[in-house]
Amino acid sequence: MNAAPDLLTTVLELLSGVGELRQRRMFGGTYIYCDDLFIATVHDDTLYFKANESTAPEFIKRGLRQFSYPKEGGVATLRYYEAPAEGP
């Protein structure tokens, strides 16, 4: 499912000014790039931010869901975590 237009518009507005933003629909969602780096994705009306080794523990500590999708034989996860409802 593709990103809800209102959510995607809001996310892009909030991220404006951090760099050159662009979006690309693929793998059933919309991926957001900033200066040619993936920084976020919107799937099923949920925003997920890309994490790394130093930021993932904060998402986990807050109990935010990790992005996952079904694949043959189970479930795959990516290092994207649900955006906190209250902001950073």
Worksheet item: Would a distance-only check, ignoring hydrogens and angles, find a side-chain to backbone donor-acceptor pair under 3.5 Å from T41 to Y48?
Response: no
Discussion item. Less than 4.5 Å apart, side chain to side chain, heavy atoms only: is that true for Q23 and L8?
Written reply: yes
Practice prompt. Spell out, as yes or no, whether a donor-acceptor pair under 3.5 Å connects the side chain of D35 to the backbone of E20.
Written response: yes
Discussion item. Give me the atom names and distance for the closest heavy-atom approach of C34 to G19.
Written reply: SG-CA, 3.7 Å
Discussion item. Check for me whether the distance between the ring centres of F38 and Y31 falls short of 6.0 Å.
Written reply: yes
Discussion item. With heavy-atom distances below 4.5 Å as the criterion, would you say the side chains of K50 and L37 are in contact?
Written reply: no
Discussion item. Determine whether a donor-acceptor pair (N or O, by modelled atom type, separation under 3.5 Å) exists between the side chain of E82 and the backbone of T46.
Written reply: no
Worksheet, complete the sentence: Closest heavy-atom pair, L47 versus A40, reported as atoms and distance to 0.1 Å, is CD1-CB, 3.9 Å
Item to complete: Under the side-chain contact (heavy atoms from CB on, under 4.5 Å) rule, what do R24 and Y33 come out as? Steps first, then yes or no, please.
Response: CA-CA 8 Å; R24 181 176 179 191; Y33 297 78; 3.7 Å; yes
Item to complete: State yes or no: are the ring centers of Y81 and F59 separated by less than 6.0 Å?
Response: yes
Worksheet item: Are any side-chain N or O atoms of T55 and backbone N or O atoms of N52, one a donor and one an acceptor, separated by less than 3.5 Å?
Response: yes
Practice prompt. Determine, using ring centers only, whether H43 and F67 are less than 6.0 Å apart.
Written response: yes
Worksheet, complete the sentence: Here the gap from L15 atom CG to F49 atom CZ, rounded to the nearest 0.5 Å, amounts to 5.5 Å
Worksheet item: Do you reckon I60 sits in the same ILVMFWY cluster as L64, going by side-chain contacts under 4.5 Å, direct or chained?
Response: yes
Worksheet item: Are L7 and I32 connected, step by step, through hydrophobic side chains (Ile, Leu, Val, Met, Phe, Trp, Tyr) whose heavy atoms are closer than 4.5 Å?
Response: yes
